[in-house]
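Worksheet: one structure, shown below.
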Amino acid sequence: MNLAAKYRPRRFGEVVGQATVIEGLRLAVASTEIRQSYLFCGPTGSGKTTTARILAAAINCTDPHQGEPCGRCDRCEILQPGEVPWMSYYEEISCAQASNREALQEALRHRDLGTIANRRVYLLDEAHALDYNAQSWLLGPLEDRDSKPLFILCTTEPEKLQSAVRDRCIDVAFGAVADQDLAGLLLSVAAKEGIQLGVPDAVGLAQQAGGSPRNALSLLDGSAHGLTTEHRSTAERIVAAMAAHNVGTMLVEVREAVASGEFRAAAVRGLAVEYWLDLLAHKRGAADSYRTSPRLRQHFEVARAIPEEVIASRLKVLADLDLAGQAGLRAELALEAALVQCISATDLDRHLAVMRRLDRLQSVVSRLVENPEGGAA
Ligand SMILES: Nc1ncnc2c1ncn2[C@@H]1O[C@H](COP(=O)(O)OP(=O)(O)OP(=O)(O)O)[C@@H](O)[C@H]1O
Ligand SMILES: [Mg+2]
Ligand SMILES: [Zn+2]
């Protein structure tokens, strides 16, 4: 499981860097003043979906405390890590997929509150993707006085929503999270995971995260420090496939690791870099500690067979791989292409063929020098 999913906040008090809006929501729940719908705006990975789930749980929880959900009752199940379980009172709808009126109507129709919960909550993700008719139709449900559904519209582009829609919602603006808050989050997650992370490294990762806690946590996932023992066995299988130049097995391992959420693409890249650096260390007369680690010992034979400039070219391929600008499947495919390039045998084969020819030439030359007549015959 990746760190961002594992450490998704389950209480308002755990949401980092959005103090004002979060405190406002908690107080509104505590004083049962949640009447209208909400428009959550803000950058990706800043806590919108997380907060929507906490809010939905909090107003339906059977045992809330000062506006916080208890985290233990069946209504609070949506706060558990992993897939959101089916809940009669809560649903996340992607407006990109339900962007016209018919699709939106369909998405909103088939849930039944039954008798178990207080209030139905719909999270309309990417609300800016709703077309004009869908937005106009939504005005009705937003003012449904009978079943009083709570709508939470999430968007990164609020200006694309009709003012009539916006007027019916309370604006909640999520912001970029400050570096020191991100660093604090990283240090606390690292401590719980048993990951060695110093303050300077935490600050460094926070600065790369661009204000997003999700980015910060996936960078921690991807940094070499971020490899926990639990990750090691997968890591070793990927590296073994790389060392054996087995493209098929390597791709299967990488896909399974990324699909299961165990690794982000960036973490797999980190592994590959570590592997080629290990080989380089061997070539340069590895330190004794390298020889005593079983993981590294198995690389020794591989390292002997691969020339240093080939290793350097692999490292360059990985260093040039730009994962930051890509998300999800695109990042995964870019990673796979780079890894295949890294272990494809062509340039290595060419290099070894040249070396073999040089060897043969050299022995012919030495025979000629020693025995000019025999060599010429
Ligand atoms: N403010 C925050 N405090 C702590 N963790 C956070 C915060 N924001 C995001 N995260 C982490 O990032 C993950 C993703 O956050 P979330 O899904 O809430 O982002 P989002 O704003 O909905 O992004 P998107 O616009 O991409 O849907 C969470 O599981 C959590 O680990
Ligand atoms: Mg979201
Ligand atoms: Zn509860």
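Because only heavy atoms are used, hydrogens play no part in the values below, and waters and symmetry mates are left out as well, while side chains stay in. The structure displayed is predicted, hence computed values, not measured ones. Counting starts at 1 for both ligands and their atoms, following the listed order.
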Requested in this report: Decide yes or no for Ile152 and Leu124: does some side-chain heavy atom of the first lie under 4.5 Å from some side-chain heavy atom of the second?
Outcome: no
Query - Contact atoms of ligand 1, heavy-atom distance to Thr50 under 4.0 Å - result: 15 (O), 16 (P), 18 (O), 28 (C)
**Report entry** Residue Gln66 excluded, over 12 heavy atoms near CD under 6.0 Å
**Finding:** no
Query raised in the report: Under 4.5 Å between any side-chain heavy atoms of Arg10 and Pro69, yes or no?
Result: no
Query - Donor-acceptor contact present, side-chain Asn60 to main-chain Ala56, <3.5 Å - result: yes
Query - Heteroatom test (N, O or S) for Thr44 near the Mg ion (ligand 2), limit 2.8 Å - result: no
Query raised in the report: Between Arg11 and Glu14, is the closest basic N to carboxylate O distance under 4.0 Å?
Result: no
Requested in this report: Would you please test Leu251 and Glu336 for side chain to side chain contact (heavy atoms under 4.5 Å, CB included) and show each step?
Outcome: CA-CA 7 Å; Leu251 285 181; Glu336 286 177 8; 3.8 Å; yes
Report task. Go through the steps to decide whether Phe151 and Leu138 satisfy the test side chain to side chain contact (heavy atoms under 4.5 Å, CB included), and finish with yes or no. Result -> CA-CA 10 Å; Phe151 284 94; Leu138 185 61; 4.2 Å; yes
Query raised in the report: Would you call Ser46 a ligand 1 contact, heavy-atom distance under 4.0 Å?
Result: yes
Requested in this report: Name the closest protein heavy atom to atom 6 (C) of ligand 1, giving the residue it belongs to and the distance to 0.1 Å.
Outcome: Pro213 CB, 3.4 Å
Query raised in the report: Who's closest to atom 26 (O) of ligand 1 heavy-atom-wise, of Val15, Leu185, Thr44?
Result: Thr44
**Report entry** Main-chain N/O of Ala4 paired to Arg8 side chain as donor or acceptor, under 3.5 Å
**Finding:** no
Query raised in the report: Can you find an N or O of Thr49 that's nearer than 3.5 Å to an N or O of ligand 1?
Result: yes
Query raised in the report: With atoms numbered from 1 as shown, which atoms in ligand 1 lie under 4.0 angstrom from a non-hydrogen atom of Ala4?
Result: 28 (C), 29 (O), 30 (C), 31 (O)
Query raised in the report: Does the side chain to side chain contact (heavy atoms under 4.5 Å, CB included) test come out yes or no for Leu153 and Val165, once each step is laid out?
Result: CA-CA 10 Å; Leu153 280 61; Val165 170; 3.7 Å; yes
Report task. Mind listing the protein N/O/S atoms less than 2.8 Å away from the Zn ion (ligand 3)? Waters don't count. Result -> Cys61 SG, Cys70 SG, Cys73 SG, Cys76 SG
Query raised in the report: Quick one: does Thr51's side chain have a donor or acceptor within less than 3.5 Å of a partner on Gly47's backbone?
Result: yes
Report summary line: Taking only non-hydrogen atoms of Leu217 and a 4.0 Å limit, the atoms of ligand 1 in range are 31 (O)
Query raised in the report: Any idea which protein heavy atom is nearest atom 23 (O) of ligand 1, and the distance to it?
Result: Gly45 N, 2.8 Å
Query raised in the report: Starting from atom 4 (C) of ligand 1, which protein heavy atom do you reach first, and at what distance in Å?
Result: Pro9 CG, 3.5 Å
Query - Partner of Leu123 under side chain to side chain contact (heavy atoms under 4.5 Å, CB included), chosen from Thr49, Val84, Ile93 - result: Thr49
**Report entry** Nearest candidate to atom 25 (O) of ligand 1, where distance is taken over non-hydrogen atoms, out of Lys48, Arg8, Glu126, Glu92
**Finding:** Lys48
Query raised in the report: Among protein heavy atoms, which sits nearest to atom 3 (N) of ligand 1, and what does the distance come to when rounded to 0.1 Å?
Result: Val16 N, 2.9 Å
Query raised in the report: What are the two closest heavy atoms between Leu186 and Ala202, and how far apart are they?
Result: CD1-O, 3.7 Å
Query raised in the report: Considering only heavy atoms, which of Lys6, Arg53, Arg214 lies nearest to atom 13 (C) of ligand 1?
Result: Arg214
